[in-house]
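See structure below.
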Amino acid sequence: PPRAVVEATDAVGRTRLAKMPVVAIPLVLWLFAWSLWALWGIFVPLMVLVMGRNPRSVWKEIATYLQYVLRVTAYLSLAVDPFPGYLNRSQPDYPVRLELEYPPRLSRWLALARIVLNGPLVLVGFALIAVMAVAALVPVVTGPSLFYIQTRRQHALCLSRGSPDH
């Protein structure tokens, strides 16, 4: 079974917090590029269906990618202090790592189910992302919500009356 190992690190300093926006943007763009490269992983269920197992070289690349995603996520969420770097290489001394074991045989039925279900799941995922993006952009486009404006008016009215219940 997969296992995430997290080692304690020192507290995050102010200098790291100050440089985080500068470092985060290129790191996220690089991770996005790696994610586009990793899209070929959608063909893994086909390989499992044909061969009955995941080719070791393909599995190793996917495991390395997942480890890199974990390192970047831990760094950007301020869980660890060392910079994860831009190279997707195994770093056994990094405070956060993902330990995976190569599975010798995989179920062909599960691979077939993944092939059938991946399409609808991707569509649902993209739909949820679109809904969240629209929900985040509505206040930017339309301005403050009516509820916010009414609340501010009531607050101002209470202050002008000297009401203690504000």
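Model, not experiment: these values are computed from the prediction. The figures here come from the full heavy-atom set of this structure, side chains too, leaving out hydrogens, waters and symmetry mates.
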[atom2] on [Y] to [atom1] on [X], rounded to 0.5 Å:
| X | Y | atom1 | atom2 | result |
| --- | --- | --- | --- | --- |
| Arg108 | Ile115 | CZ | CD1 | 11.5 Å |
| Phe83 | Leu27 | CZ | CG | 5.0 Å |
| Met47 | Arg53 | CE | CZ | 11.0 Å |
| Leu110 | Leu117 | CG | CG | 10.5 Å |
| Leu49 | Phe43 | CG | CZ | 14.0 Å |
| Thr64 | Trp34 | OG1 | CH2 | 8.5 Å |

Do you know the tightest heavy-atom contact between [X] and [Y]?
| X | Y | value |
| --- | --- | --- |
| Ser107 | Val48 | O-CG1, 4.1 Å |
| Tyr68 | Gly85 | OH-O, 2.8 Å |
| Tyr65 | Ser35 | OH-OG, 2.8 Å |

Worksheet item: What's in the same ILVMFWY side-chain cluster as Leu29, cut-off under 4.5 Å, chained through other members?
Response: Ile25
Worksheet item: With hydrophobic residues grouped by side-chain heavy-atom distances under 4.5 Å, do Leu46 and Trp109 end up in a single group?
Response: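 Yes, because Leu46 and Trp109 connect within a single hydrophobic cluster, where side-chain heavy atoms sit under 4.5 Å apart.
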Discussion item. Does atom OH (Tyr102) have a neighbourhood of more than 12 heavy atoms from anything else shown, all under 6.0 Å?
Written reply: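 Atom OH in Tyr102 is packed in, count exceeds 12.
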Worksheet item: Quick check: does any side chain N or O of Gln67 sit under 3.5 Å from a backbone N or O of Arg97, one acting as donor and the other as acceptor?
Response: no
